[in-house]
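A short worksheet on the structure shown next.
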Number of protein chains: 2
Amino acid sequence: MDTALDRALRVFRERGYHATSIGDLTAAMRLATGSVYKAFRDKHAVFLAAFERYTAVRGEQTRSAAARGGNGRERLRNVLLSYVEHSQGVEGRRGCLVVGSAVELSAVDPAVRARVSAQLETNENFIAGLIREGQADGSIPGHVDADDTARLMICITQGMRVVGKARLPLDGPRLVGVAMKLLA
Amino acid sequence: MDTALDRALRVFRERGYHATSIGDLTAAMRLATGSVYKAFRDKHAVFLAAFERYTAVRGEQTRSAAARGGNGRERLRNVLLSYVEHSQGVEGRRGCLVVGSAVELSAVDPAVRARVSAQLETNENFIAGLIREGQADGSIPGHVDADDTARLMICITQGMRVVGKARLPLDGPRLVGVAMKLLA
DNA sequence: TTTATTCGGAAACGACCATTCCCTATTATC
DNA sequence: GATAATAGGGAATGGTCGTTTCCGAATAAA
């Protein structure tokens with residue numbers, strides 16, 4: 001069942017909510033129509049479940065990227081690099097479900113909007129936490145405003161997903177190198 | 001006719017392509033079904049015309065924001081501030097059609113993808129040009145890499161539209177203040 | 001072995017979509 | 001003033017959508 005949800009997730013990421021039909025979903029999930037409606041109340045419920053799974057997986061990925069850093073600054077750099085990698089190539093073309101939901105649904109779907117906002121705030125708090133860690137361990141200057149910088153970095157990461165979806169090439173080290181000036 | 005297109009543009013920005021029906025379009029444009037199909041070949045053509053109009057209007061807006069600056073650095077700051085303003089409030093909730101098209105359509109619609117890529121590159125070149133102007137007039141250090149910084153700033157601007165659509169508040173002066181560190 | 005129950009599959013249904021067609025005013029032309 | 005031409009409005013249409021319902025197979029209980 002989780003593997004079926006993963007397949008649904010991929011379709012939602014590629015095509016968005018409205019452009020994926022139940023037919024697309026059943027084909028991707030290798031399930032019949034009735035079975036999907038046995039497992040989920042409706043298409044919206046499938047989407048919400050896929051969203052939840054996506055944020056869980058992505059959260060784990062960025063947390064593990066952060067773990068590969070010796071201090072706050074390195075952890076933050078690794079997180080940003082991880083975002084660039086995920087915004088490129090096949091994964092980038094597939095797109096970010098949070099960005100997609102924000103753009104396509106948050107204006108008309110309160111349930112989705114709430115989840116998108118919560119996820120953005122979670123990510124922002126995570127980044128702000130890394131900045132404060134860096135300030136505590138001396139790798140980031142104390143005069144950096146953690147909250148403002150974190151919010152700008154959220155804009156950067158979400159923006160990378162947008163331009164990655166448009167298939168513009170992104171050079172990880174160069175881009176992150178520039179972005180790290182925000183921690184000066 | 002242009003005012004009808006403006007009304008269509010607003011609906012496309014709010015709801016995206018797939019979620020706006022011909023009925024939504026005719027209601028917004030105050031036109032009957034047949035009249036829309038007299039003026040445009042199909043829904044896709046309406047969207048493309050709206051896209052073209054959107055990029056023209058937005059280009060004029062950011063160019064005039066840039067003009068209100070005495071040197072390259074100030075022009076760039078004004079452009080960024082203008083982006084934050086447009087990402088907030090009613091306008092922010094309405095969303096950016098370039099971002100929306102990139103996320104919802106660029107994966108499956110080559111015509112849209114070409115226009116989105118072209119627009120992103122135009123914006124990026126404009127920003128890179130402002131950076132070089134600043135370097136020529138001495139307001140921006142010469143060691144700043146214009147291309148890399150411009151690409152990151154494109155990520156920032158597109159990202160602001162995403163979080164603005166999700167209705168997170170954005171403080172213009174604070175955010176831009178942090179972003180200007182990229183020109184150090 | 002028989003019965004009850006759960007599970008997946010496929011056909012059926014009503015609603016709504018994009019598109020086409022036709023009709024009616026209104027304008028321009030002679 | 002009559003007529004041709006055009007623009008706009010709205011009903012009709014074929015197709016597809018999301019959802020429901022029903023049916024058969026497989027499994028567990030008795």
Side-chain angles (χ1 to χ4, degrees), chain A residues 1-54 95 97 100-101 103-113 115, chain B residues 1-54 95 97 100-101 103-113 115:
Chain A
M1 172 52 67
D2 258 7
T3 92
L5 195 56
D6 279 328
R7 292 194 235 262
L9 170 56
R10 185 191 301 204
V11 181
F12 277 133
R13 287 176 58 193
E14 277 170 0
R15 300 214 254 264
Y17 181 78
H18 287 106
T20 81
S21 68
I22 298 289
D24 296 331
L25 244 32
T26 57
M29 299 169 95
R30 261 98 97 155
L31 248 47
T33 321
S35 306
V36 170
Y37 278 87
K38 278 254 174 47
F40 302 93
R41 195 159 52 83
D42 53 15
K43 179 183 170 185
H44 195 255
V46 182
F47 184 81
L48 256 37
F51 187 95
E52 199 152 342
R53 179 153 182 83
Y54 178 76
L97 198 62
S101 304
V103 170
E104 190 188 357
L105 294 174
S106 73
V108 291
D109 189 327
V112 170
R113 178 168 67 243
R115 277 154 226 252
Chain B
M1 172 51 66
D2 257 6
T3 91
L5 194 56
D6 278 328
R7 292 194 234 261
L9 169 56
R10 185 191 301 201
V11 181
F12 277 132
R13 287 176 57 193
E14 277 170 359
R15 299 213 254 263
Y17 180 78
H18 286 106
T20 81
S21 68
I22 298 290
D24 296 332
L25 243 32
T26 57
M29 298 168 96
R30 262 97 100 147
L31 249 46
T33 321
S35 307
V36 170
Y37 278 86
K38 278 260 172 42
F40 303 93
R41 194 159 53 84
D42 55 13
K43 180 183 169 185
H44 195 255
V46 182
F47 184 81
L48 256 38
F51 187 95
E52 199 152 342
R53 179 152 182 82
Y54 178 76
L97 199 62
S101 304
V103 170
E104 191 187 356
L105 294 175
S106 72
V108 291
D109 188 328
V112 169
R113 178 168 65 243
R115 277 156 225 250

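Side-chain atoms are counted along with the backbone in the values below, which use heavy atoms only and exclude waters and symmetry mates. Everything numeric in this text was worked out from a predicted model, so none of it was measured. Reminder, nothing fancy here: chain letters follow the sequence lines and each chain counts from 1.
Not one side-chain nitrogen or oxygen of Tyr37(B) sits closer than 4.0 Å to the OP1 or OP2 atom of dT20(C).
The nearest heavy atom of DNA chain D to Lys43(A) and to Gly34(A) marks one nucleotide each, and the one closer to the 5' end goes with Lys43(A). When each of Arg30(B) and Asp42(A) is assigned the nucleotide of DNA chain D bearing its nearest heavy atom, the one mapping closer to the 5' terminus is Arg30(B).
Legend: residues meeting ring-ring contact (aromatic ring centres under 6.0 Å, His included) with Phe47(B), ordered by chain and number and at least two apart, are Phe12(B), Tyr17(B). Residues meeting the salt bridge (Lys or Arg N to Asp or Glu O under 4.0 Å) test with Arg53(B), sequence neighbours left out: Asp2(B), Asp6(B).
For the segment residues 11-28 of chain B, residues with any heavy atom less than 4.0 angstrom from an atom of DNA chain C are, sorted by number, Thr20(B), Ser21(B), Ile22(B).
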Residue pair Leu48(A), Phe40(A): steps toward the side chain to side chain contact (heavy atoms under 4.5 Å, CB included) verdict: CA-CA 10 Å; Leu48(A) 256 37; Phe40(A) 302 93; over 6 Å; no

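Inter-residue side-chain proximity for Leu25(A) and Thr33(A) is flagged as unmet; no heavy-atom pair is nearer than 4.5 Å.
Taking both residues in full, the closest heavy atoms of Leu5(B) and Val46(B) are given as CD1-O, 4.2 Å, listed atom of the first, atom of the second, then distance. Between Gly100(A) and Val103(B), the shortest heavy-atom contact is CA-CG1, 3.5 Å. Residues Ala50(A) and Leu9(A) share a closest heavy-atom pair of O-CD1, 3.7 Å.
Set against dT19(D), dG9(D), dT19(C), the side chain of Thr33(A) has dT19(D) as its closest nucleotide. Set against dG9(D), dA11(D), dA11(C), the side chain of Ser35(B) has dG9(D) as its closest nucleotide.
Without hydrogens or angle criteria, Thr26(A) side chain to Gly23(A) main chain gives a donor-acceptor distance under 3.5 Å. With Glu104(A) contributing its side chain and Glu104(B) its backbone, the two residues share no donor-acceptor pair below 3.5 Å.
The salt bridge (Lys or Arg N to Asp or Glu O under 4.0 Å) analysis of residues 13-41 of chain B, with sequence neighbours excluded, yields the pairs Arg13(B)-Glu91(B), Glu14(B)-Arg94(B), Arg15(B)-Asp24(B).
Annotation for Arg10(B): atom CZ does not count as buried by contact number, only 12 or fewer foreign heavy atoms lying within 6.0 Å.
Rounded to a whole Å, the CZ atom of Phe47(B) is 16 Å from the C1' atom of dA18(C).
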Is there any protein nitrogen or oxygen under 3.5 Å from a nitrogen or oxygen in nucleotides 5-7 of chain C, and what are the pairs?
none

Bracket notation of DNA chain C in which parentheses pair within the strand, [ ] cross earlier pairs, and | pairs with another strand (Watson-Crick or G-U, under 3.5 Å): ||||||||||||||||||||||||||||||

